[in-house]
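Predicted model, so just to flag it, every value in this text is computed and none were measured. Each residue takes its place number in the sequence, starting with 1.
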Amino acid sequence: MDMKKCVLVSGGAGFIGSHVTVELIEAGYDVIVADNMSNCDMTCFEGVKKITGRDDIPFIKMDFCDPVATELLFTTHAIDAVIHFAGFKAVGESVAEPLKYYRNNLESFINVIESAKAHGCGNILFSSSATVYGEPEKLPVTEETPRQPATSPYGNTKQMCEDILRDSVKAYPEVRGIALRYFNPIGAHPSALIGELPRGVPNNLVPFITQTAVGKRECLSVFGDDYPTPDGTCQRDFIDIVDLAKAHVFAVRRMLDGKMKKEYEIFNVGTGKPLSVMELINGFEKANGLKLNYRIAPRRAGDVTAIWADPTLANEDLGWKAERDIEDTLAAAWAWEKHLAGKD
């Protein structure tokens with residue numbers, strides 16, 4: 001009988017990492033979660049244990065910017081693949097504190113690749129972002145769409161990490177890489193036991209919506225209603241977090257089963273359907289029978305007008321497709337917010 005394969009999820013206690021951990025365990029993988037907890041607490045990790053019924057998921061508190069700790073992790077565990085999430089991700093903060101972003105996001109990834117390579121674990125999956133496309137000239141974007149100059153240091157670190165992985169794959173025959181370019185992950189697990197848990201004021205739209213709905217925030221700001229879009233608000237490709245998490249299982253399986261067509265592959269992970277900010281707000285109100293208090297605010301620096309994916313390659317090559325309905329996604333986000341507030 002085949003030994004169970006072990007996947008390391010760096011930054012695995014956060015929003016995306018916790019959902020990916022659930023899907024990996026449910027697909028039959030052993031998972032090690034490692035996180036320095038700089039941007040989360042144990043809420044989601046505890047939720048993962050409840051959802052999976054597994055009390056024995058290894059958790060290591062460590063910082064991947066520490067090469068000694070990273071090396072020790074690979075020395076003490078037999079790891080078959082790595083999914084790397086351990087990075088800072090707030091666009092505005094990256095503009096204010098670029099060095100913090102460059103140091104953390106680049107150093108942590110270099111250390112992971114170096115240790116993985118040294119220990120014969122050449123399967124590296126990088127959590128990338130649609131940010132790498134900048135303000136695209138043509139929509140929807142495919143994996144062949146030229147990357148535009150990044151609009152923030154955060155976006156620049158995503159481009160640079162993709163390049164580091166691509167060049168590592170080219171240089172070291174034992175390393176394979178997949179970069180998944182996420183669009184806008186939203187929602188929560190249907191159990192309402194894990195979801196997005198921002199520290200302080202949320203940077204993302206849906207937590208701001210749910211926190212306004214629950215009374216934690218007084219008013220939701222819609223940044224700009226004068227964009228050249230049908231209703232004047234920005235358009236995005238909002239993807240359900242569980243759908244997004246499942247894409248990682250498909251990608252890991254592709255690597256471990258030797259099914260990659262090239263040593264370095266890129267996939268867009270999106271729905272292919274644009275939704276405007278106002279459409280999302282209206283959808284939330286409709287899905288949950290609520291009225292939100294919102295106001296139109298000035299445009300925000302660094303926001304692109306519109307971006308959405310052409311997910312054909314992920315659908316056909318990876319065999320993955322976004323399936324969850326936007327109403328279900330927004331209902332799950334609201335159920336999670338009520339769970340946090342003790343109102344479920």
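Note on residues 228-250: pairs passing salt bridge (Lys or Arg N to Asp or Glu O under 4.0 Å), not counting sequence neighbours, are Asp240-Arg324. Counting only residues at least two apart or in different chains, salt bridge (Lys or Arg N to Asp or Glu O under 4.0 Å) contacts with residues 58-79 are absent.
Between Phe85 and His248, the distance separating the two ring centers is shorter than 6.0 angstrom.
Atom OH of residue Tyr294 and atom OG of residue Ser221 lie 12.5 Å apart, to the nearest 0.5 angstrom. Interatomic distance, Ile60 CD1 to Leu8 CG, rounded to the nearest 0.5 Å: 7.5 Å.
Residues Glu143 and Arg181 are not paired through a salt bridge, judged by the lack of any N-O separation under 4.0 Å between the basic side chain and the carboxylate. Remark: Lys117 does not engage Glu114 in a salt bridge, criterion side-chain N to carboxylate O under 4.0 Å. A salt bridge links Glu265 with Arg254; the closest basic N to acidic carboxylate O contact falls under 4.0 Å.
By the side-chain hydrogen bond (donor to acceptor under 3.5 Å, both in side chains) test, Thr151 pairs with no residue at all, sequence neighbours left out.
Between His84 and Phe64, the ring planes are perpendicular. Angles over 60° get that label, and only those under 30° would be called parallel. By the 30° and 60° cut-offs, the orientation of the rings of Phe45 relative to Phe59 is tilted.
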Could you walk me through whether Thr70 and Asn111 satisfy the side chain to side chain donor-acceptor pair (under 3.5 Å) test, starting with their C-alpha distance in whole Å, then the side-chain angles of each, then the deciding distance to 0.1 Å, before giving a yes or no? CA-CA 7 Å; Thr70 307; Asn111 289 341; 4.6 Å; no

| Can you list the steps and then say if Glu93 with Tyr154 is a side chain to side chain donor-acceptor pair (under 3.5 Å)? | CA-CA 9 Å; Glu93 184 189 45; Tyr154 159 72; over 6 Å; no

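Hydrophobic clustering (ILVMFWY, side-chain heavy atoms < 4.5 Å, transitive): Val269 and Ile307 are in distinct clusters.
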